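I have placed the structure first, in the form of structure tokens, so that the comments after it can refer back to it.
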Amino acid sequence: MKSQDIRTQFLKFFKSKDHSVVASAPMVIKDDPTLMFTNAGMNQFKEYFLGNGTPSDTRITDTQKCLRVSGKHNDLEEVGKDTYHHTMFEMLGNWSFGDYFKKEAITWAWELLTEVYKIDKEILYVSVFEGNEAEGLPLDKEAFDLWKQIVPDERIILGNKKDNFWEMGDQGPCGPSSEIHVDLRSAEEKAKMPGRDLVNQDHPLVVEIWNLVFIQFNRKADGSLEKLPQQHVDTGMGFERLCMVLQGVKSNYDTDVFTPLIKEIQNITSSTYGKDQETDIAIRVIADHVRAVAFAIADGQLPGSTGAGYVIRRILRRAIRYGFTFLNQKEPFVYKLVATLSKQMGEAFPELVSQKNLCENVIREEENSFLRTLDQGLVLLDEIIKESADKKVSGKKAFELYDTYGFPIDLTALILQEKGFSLDQEEFEKELQKQKDRSRNASKMISGDWQIVSDGETEGFVGYDSLEAEVKILRYRKTESKKEGELYQMVFDKTPFYPEGGGQVGDRGVLESTDGEVVYIIDTRKENNLIIHLAKSLPKNPSATFKAVVNVAQRARTAANHSATHLLHQGLRSVLGTHVEQKGSMVQSDYLRFDFSHFSKVSSEELQQIEHFVNKKISERLPLVENREMTYQEAINDGAIALFGEKYGDKVRAVKFGDSMELCGGTHVGNTADIWHFKIISEGAVASGIRRIEAITNEAAKEYFTGQTETFSELKAILKNAKDPVKAVVNLQEENAELKKQVESLLKDKAKNLKTELKYEIKEINGTNFLARKVDLDAGGIKDLSFQLGDEFENLFLLFATEQNGKALLSCYISKNLVEEKDLHAGKVVKELGKFIQGGGGGQPFYATAGGKNPDGIVEALKKAEEYLQ
RNA sequence: GGGGGAUUAGCUCAGUUGGCUAGAGCGUUUGGCUGGCAGCCAAAAGGUCAUCGGUUCGACUCCGAUAUUCUCCA
């Protein structure tokens, strides 16, 4: 069975069991501080498990693109070494939200595997949670009894808390799980050792394929468990592994999910898969990683140096590194695989097709820059090798190479090994740990349990229509971090405060109680669909009713910027073309920032046209038309612009100004006229194929123009109201350059004159040409003069003195031959003579300077100079 | 967000513990030689040593801040 069909069959099966099929959520997560990437099928439903939202359907099924780079079995550095771990993978799942529970979940899973996919029952094992005394949890008898009716006893395995009790994190929903494992070993192998002994033992051919989680508890901050009012089912089946089973191969990489990529890698790199272990690992690494990176970029996550972007960069660089070392790829090549990938998976994931060009460009650029880094690292490593005499390289040196110059440690180790050098790996790890601790401390956040003030569901955001509301606090908690200090997070029963999202900053404002107490809300954020208000303090009586008031001025300016962003987006598409797609957006009260796909610099003419386009829309006084109750499909059919990598609910909000229509949750002006004016203040690149425009509107634009006008008036005033100020400045610059040259040549003349003058003053003492006198030159001039005289006279001893800003300066020049013959040292001379001017100094044997604060001593110092030649 | 590094001629980079008027290669210009695929020889021009401040007799070099950039960690 082809992988395409395996996927379709799964969804079809659960559809027949009354599940509704939903699309995969984006791989990159935006509103959950504890998670960067979707790492399991349940992530997009987390809010339902937490009780922060209600699903449209109680039975749901999907295939979810997931990314794992860390965790108990998923160290990035291990991917590719075996045949069954991946960074990016698909998770097939079915869910029940307070609907069916263990019975249906177990029977259906078995039905699908054995009757639809027709997997031999003899190779399947199931596991059940054995209970845990410390937690006070008994054996999951319900699941055990259910399995007993289907599977013989010897195929049921009892699993411990580590394997069979699933938790979302330190806190939150959790419960026992039941896993289905498959034994793909040969009959011979099976005879040697029963499959049940290999379950959960990391055997490549005895693997878990499906995990059925029965969510029935909530883990609190103090570690205790609490029974949930509603019970849920959360299942996840690894798609690639399922394909392996159904296609009768022994490795995920031998399924048709990977074979097209592997074939292409062999083509491009002229290598062969299946002959040599190192080559095989490299090919697997590249095949796996290009998937992760391409999917992430298609979801709008570019490689970068922070957060999720950094993870993507690391994955891509690992692929490049393996290609570099084991497949001898010294030029970008990973990007060439995108075409194959998008052809192969584009049907199930259309974003891969529409974002193909961008993926290729971004990956190629990243490859180029990393290859440069590698080149530089190789040179540096060479130097380190040359410097280490005892064939040992310290961990500290290796760490510096890694930390500062980004040179991969395993490459360092490999090269050293080839040259017969050893590396102190332990010391390296120690340095790395130090760095990790530093970073962790800097971003540590402790959050307490939610304190429930009053029960009830929250209505959520009501701030589209009003900026004030009577609210009650539902719950609050205290958080502490180094960055922000102590903060209180509060959830209201409804709120006019817009939470940060869609690029728009969170609202600020106040919470007023009836007795006049005021608590400042410093930011509003969204976590798992819950709107959280941040404050430095808590009201005295949290159970009272408050008036929540949004900072009107800030909101108005932000709204102007957000609406302008939409017009800008439209303007860009109109001026540059419809290939322009939003790649990032930031809307603040003082400016807006918009990143978009476009492959060349936006010229100043184009920028002007774009500005003009937006300002025309502003002057057309277009009213805001919004529709909050559309379905996604209706909106798209109406021509609304939706964004890749954005998660949309069943009901979307469409925001329309004239012909501009976007799906958007942000706040906007009632009429484009409220934007006043739009001004682009910068344009530049953020990555290959991505440009960034920064712009201002409203009062900021006004201030900008006022400031510019003021500067210009001042400038004009300085230029005596010249008719053409630009020309006047150019003239000034030219004149200035001319004058500089003249001054320079005059100074040269002066020095020349002085030099000729001084030549006659030089007298001979004991065969040495000697001159000591005061001159009217600065330190540089004296030096210059000394060396010029030095060129013309042999056996020269010079002592110049000058007075500058009330300070005295001495300088001594001694011809090199004199230094040797007479054992003179200019440094010593100025140091000794420096006493007369109450100062000190030094320098080299042939030229030295000294400074002091007593110019009256100059005469004495000059007199004494002669003594050095006696 | 935290740490480390880098910033020197148009480009790629040297510059040892602060001190000889900041160098090289490529490129540019000029002159001469030469029938070639980086032609040869000679000469010249080109530098606020990222910016600002500090220490010092003296800072490209040391210290602090800023900007830009690379990189690791979270």
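Here the structure is a predicted model, which means the values were calculated and not measured. Sequence lines set the chain letters: A, B, ... in the order given, protein chains first and strands last, and positions in each chain run from 1.
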Quick check for you: among [options], whose closest atom lies nearest to any side-chain atom of [X]?
X         : options                : value
Thr849(A) : A74(B), C20(B), C57(B) : C57(B)
Arg317(A) : G5(B), C20(B), C72(B)  : C72(B)
Arg313(A) : C72(B), U21(B), C20(B) : C72(B)
Phe846(A) : U71(B), C20(B), G1(B)  : C20(B)

Distance check, rounded to the nearest 0.5 Å: Thr38(A) atom OG1 versus Asp299(A) atom CG? 8.0 Å
Can you tell me how far OH of Tyr405(A) sits from OG1 of Thr373(A), rounded to the nearest 0.5 angstrom?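 Answer rounded to 0.5 Å: 12.0 Å.
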Can you check the distance between [N] and [M], where both ends of the measurement are the [atom1] atom (answer in whole Å)?
N      : M      : atom1 : answer
U71(B) : G31(B) : C1'   : 48 Å
C63(B) : G2(B)  : C1'   : 22 Å
G54(B) : U61(B) : C1'   : 15 Å
A22(B) : U29(B) : C1'   : 23 Å
G39(B) : G46(B) : C1'   : 25 Å
C37(B) : U30(B) : C1'   : 26 Å
C70(B) : G25(B) : P     : 31 Å
A67(B) : C52(B) : P     : 15 Å

Whole-Å distance separating the [atom1] atom of [X] from the [atom2] atom of [N]:
X         : N      : atom1 : atom2 : result
Phe370(A) : U71(B) : CZ    : C1'   : 11 Å
Leu380(A) : C13(B) : CG    : P     : 11 Å
Glu792(A) : U21(B) : CD    : P     : 16 Å
Phe836(A) : C57(B) : CZ    : P     : 18 Å
Lys783(A) : C57(B) : NZ    : P     : 16 Å
Lys444(A) : A74(B) : NZ    : C1'   : 13 Å
Glu431(A) : G5(B)  : CD    : P     : 13 Å
Lys396(A) : G4(B)  : NZ    : C1'   : 13 Å

Under a 3.5 Å threshold, yes or no: a donor from one side chain and an acceptor from the other, between Gln433(A) and Asp437(A)? yes
Assign [X] to base, sugar-phosphate, or nothing according to its heavy-atom contacts below 4.0 angstrom with the strands shown.
X         : answer
Gly406(A) : sugar-phosphate
Tyr847(A) : nothing
Gly307(A) : base
Gly840(A) : base

Does the structure show a Watson-Crick or G-U wobble partner for [N], both distances under 3.5 Å? Name it, or say none.
N      : value
C49(B) : none
C62(B) : G54(B)
G27(B) : none
A67(B) : U7(B)
U17(B) : none
C40(B) : G32(B)

Side-chain donor/acceptor contact of Gln435(A) with base of G2(B) under 3.5 Å: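 Such a pair is found, so the answer is yes.
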Between G3(B) and Asp403(A), counting only base atoms on the nucleotide and side-chain atoms on the residue, is there a donor-acceptor pair under 3.5 Å?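 Answer yes: a donor N or O sits under 3.5 Å from an acceptor.
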Phosphate contact (C72(B) OP1 or OP2) by Arg438(A) side-chain N/O below 4.0 Å: no
Is any side-chain nitrogen or oxygen of Thr404(A) closer than 4.0 Å to OP1 or OP2 of C70(B)? no
Ion pair check, [X] and [Y], cut-off under 4.0 Å:
X         : Y         : answer
Lys392(A) : Glu427(A) : no
Lys864(A) : Glu832(A) : no
Glu486(A) : Lys478(A) : yes
Lys434(A) : Glu431(A) : yes

Determine whether the aromatic ring centres of Phe324(A) and Phe370(A) lie less than 6.0 Å apart.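 For Phe324(A) and Phe370(A), the ring centres are not under 6.0 Å apart.
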Assign each of Thr373(A) and Gly851(A) the nucleotide of RNA chain B bearing its closest heavy atom; nearer the 5' end lies the nucleotide of Gly851(A)
